[in-house]
Amino acid sequence: MCGIIGYIGKQNAPNILLKGLSKLEYRGYDSSGIAIISKNDINIIKSKGKLINLKEKLKNNKINSKLGIGHTRWATHGVPSDINAHPHLSQNKQIAIVHNGIIENYLSLKEELELKGYHFISDTDSEIIANMLEYYKEENFLNTINKTISRLEGSYALLIINKDDPNKLFAIRNESPLIIGINNEEYFIASDIPAILEWTKNIYYLNNKEVAILKVNSINFFNNKKEAVIKKISKITWDYEVAKKNGYEHFMLKEIFEQPNAVKDTIKLRIKNGLPNLDIKLTEKYLNVIDKIYIVACGTAYHAGLNAKNLIENLIGINAEADIASEFRYRNPLINKKTLVIILSQSGETADTLAALRLAKEKGAKVISIVNVVGSSIARESDEVIYTWAGPEIAVASTKAFTTQLSVIYLLVIQLALLTKKIAEKEAKSLIKEVKSIPKKIESILKEKSKIKEIAKFFYHDKDAYYIGRGRDYYIAMEGSLKLKEISYIHAEAYAAGELKHGTIALIEDNTLVVAVCSIEKLLPKMISNIKEIEARGAKTLVITNSKEKIGTYNFIIPEINNYFTSILTVIPLQLLAYYIANYKKIDLDKPKNLAKSVTVE
Ligand code: M6R
């Protein structure tokens with residue numbers, strides 16, 4: 001998704017903007033650009049393609065400026081091109097903007113402006129904002145901004161510079177994230193924390209429709225009634241070092257290897273006297289009234305949600321449903337005061353997930369979110385939030401966010417089962433003991449990375465792969481196949497193993513790769529039958545299992561753990577498999593094509 005960076009201070013703005021943009025590359029983009037004010041003039045430099053193209057254009061550009069805005073664009077309206085890249089200028093070249101989000105009524109606004117004599121040069125929805133600002137321009141630029149945004153429908157994070165106010169930078173957001181970092185006498189504005197971590201950990205969060213006016217040495221906030229707002233500085237706990245590769249070839253590999261510590265960090269302070277101790281205000285009385293739990297998320301987080309559903313039903317005995325946020329929000333789910341909604345999101349900014357949260361609250365449900373990014377929109381709007389302390393996840397393919405989400409789910413389910421007296425303290429303690437053993441067990445799997453690397457060598461030329469499993473193993477098959485397709489571009493599909501015979505088995509032929517996850521003891525005989533059926537049709541199987549039996553063509557054995565928690569171990573070899581296959585294919589796997597790290601538009 002698009003990324004935003006802005007700077008005002010004493011350093012040379014183009015350098016800061018380029019550095020910031022390079023930290024935003026992981027979000028996914030197809031063009032980039034900057035606008036700076038120098039000698040009372042706005043200079044815009046932008047380029048299609050990777051940031052290197054923009055850097056090339058800036059190489060001989062010696063413009064010195066202390067104020068500027070920058071953008072990485074992920075095309076929505078109009079193809080990736082120099083013209084569609086941000087920043088966009090108003091027709092009279094007085095105002096420049098960068099925009100994240102989508103202006104849903106841009107066509108009608110464009111027609112309106114065209115009737116007033118405005119001409120547009122790009123295909124973007126964003127250009128109308130620059131011209132709207134020009135159209136409503138008055139001496140008090142805060143009025144101009146408020147008039148403009150009162151006409152906009154949709155989501156936006158906006159940075160604006162204005163030739164008539166050459167010492168100011170204006171920032172505003174609605175439903176798209178924007179943070180402002182402060183370090184002595186300089187300000188760094190960004191759509192995402194890693195972009196500014198190098199310079200500061202002190203940040204302000206902007207609320208919807210709040211405007212920030214920044215000058216060197218001063219910052220003022222206003223609400224949409226133009227009243228001044230006093231804001232507190234929040235401190236980011238992430239270290240800049242964590243947002244660097246530290247010798248790993250890719251962020252994804254680094255993040256896979258960070259999982260033992262990320263899981264440890266997520267659980268250690270939440271276990272007291274051998275029992276879960278999450279700081280949440282759910283009482284036994286409240287839980288006894290609850291008759292339905294929805295777990296809502298997208299992508300990888302949804303796969304963690306499926307695990308939550310399964311464990312809630314098994315250990316707490318409450319009816320639970322895992323839902324894809326983009327479906328949930330439009331299917332009129334039956335929600336009332338007796339519904340608890342659990343939202344899962346690494347970024348805390350996924351547009352569909354945020355909309356699902358709001359829908360749930362509107363209908364009277366209580367919302368708990370499990371989120372990685374502190375202060376994100378989902379975290380702020382939930383009734384309760386439990387953070388996964390995974391640190392920044394930079395690679396587009398989610399790995400440590402998933403395993404830390406599972407860790408929180410394990411603690412949460414055990415805590416709620418205990419609270420509702422579905423399990424006794426003794427059982428809870430023995431389950432927690434198992435949870436505490438997870439980091440070491442992940443570590444031991446990672447030590448065997450070369451086995452997976454070897455297996456990956458046989459499959460990286462393949463065009464298709466199938467992943468199968470039953471119960472919780474099926475959810476990990478889904479996660480494994482998502483990992484493979486998103487970074488290796490190999491067509492991969494996951495099936496409930498029992499469903500194969502109902503159609504998909506027709507696609508199995510000589511040497512088709514089938515990855516089977518089988519870690520649930522009572523389902524093992526069924527899985528073995530499914531594996532034999534497909535091998536009989538020529539498939540090569542890779543079996544991820546805790547059984548010592550040689551089940552498939554290739555076998556990877558995970559350490560022993562209580563069956564409720566095998567998912568957090570079986571997923572690790574599948575992350576590695578996807579990684580090595582993509583790496584053999586020489587894919588830029590931290591930034592896979594067409595994908596964005598945080599999906600902040602619908
Ligand atoms: O930030 P979120 O957890 O809400 O993101 C959800 C999905 O967009 C994300 O998990 C996506 O599927 C990943 N690329 C998967 O690796």
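Keep in mind that this is a model prediction, so the values were computed, not measured. As the structure lists them, so they are numbered: ligands from 1, and atoms in each ligand from 1.
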| Can you tell me if N314 and N310 form a side-chain donor-acceptor pair at under 3.5 Å? | yes
| Considering only heavy atoms of A397, which atoms of ligand 1 have at least one such atom less than 4.0 Å away? | 16 (O)
| note | Which of L178, I233, I179, I180 passes side-chain contact (heavy atoms from CB on, under 4.5 Å) with Y205? Answer is I179
| query | Are E349 and ligand 1 in contact, using a heavy-atom cut-off of under 4.0 Å? | reply | no
| said: Whether the E349 and S377 side chains hold a donor-acceptor pair (N or O, under 3.5 Å, no angle test) is what I'd like checked. | reply: yes
| request: Check whether the side chains of Y29 and E25 place a donor and an acceptor atom closer than 3.5 Å, and report yes or no. | output: yes
| message | Counting non-hydrogen protein atoms only, what is the nearest one to atom 13 (C) of ligand 1? Give residue, atom name and distance. | response | V396 O, 3.7 Å
| query | Which residue owns the protein heavy atom closest to atom 8 (O) of ligand 1, what's the atom, and how far is it? | reply | V599 CG2, 4.1 Å
| remark: When distances are taken from atom 3 (O) of ligand 1, the protein heavy atom at minimum range is Q346 N, 2.6 Å
| query | Who passes side chain to side chain contact (heavy atoms under 4.5 Å, CB included) against E321, sequence neighbours left out? | reply | K292, Y294, K309
| note | Closest to atom 5 (O) of ligand 1 among protein heavy atoms sits T350 OG1, 3.5 Å
| Which heavy atom of the protein is the closest neighbour of atom 15 (C) of ligand 1, given with residue, atom name and distance? | T300 OG1, 3.0 Å
| Numbering as shown, the atoms of ligand 1 that approach K483 to under 4.0 Å (heavy-atom distance) | 15 (C), 16 (O)
| Check: Q575/Q259 side-chain N/O donor and acceptor closer than 3.5 Å | yes
| task | Write out the residue and atom name of the closest protein heavy atom to atom 1 (O) of ligand 1, then the distance separating them to 0.1 Å. | result | S347 OG, 2.6 Å
| request: Would you kindly say whether K363 and N336 are connected by a side-chain donor-acceptor distance under 3.5 Å? | output: no
| Just heavy atoms, cut-off under 4.0 Å: does E486 contact ligand 1 by side chain, backbone, both, or neither? | side chain
| Nearest-contact summary for atom 7 (C) of ligand 1 - protein heavy atom, Å | C298 O, 3.6 Å
| task | Using the test salt bridge (Lys or Arg N to Asp or Glu O under 4.0 Å), find all partners of K440 that sit at least two apart in sequence or belong to another chain. | result | none
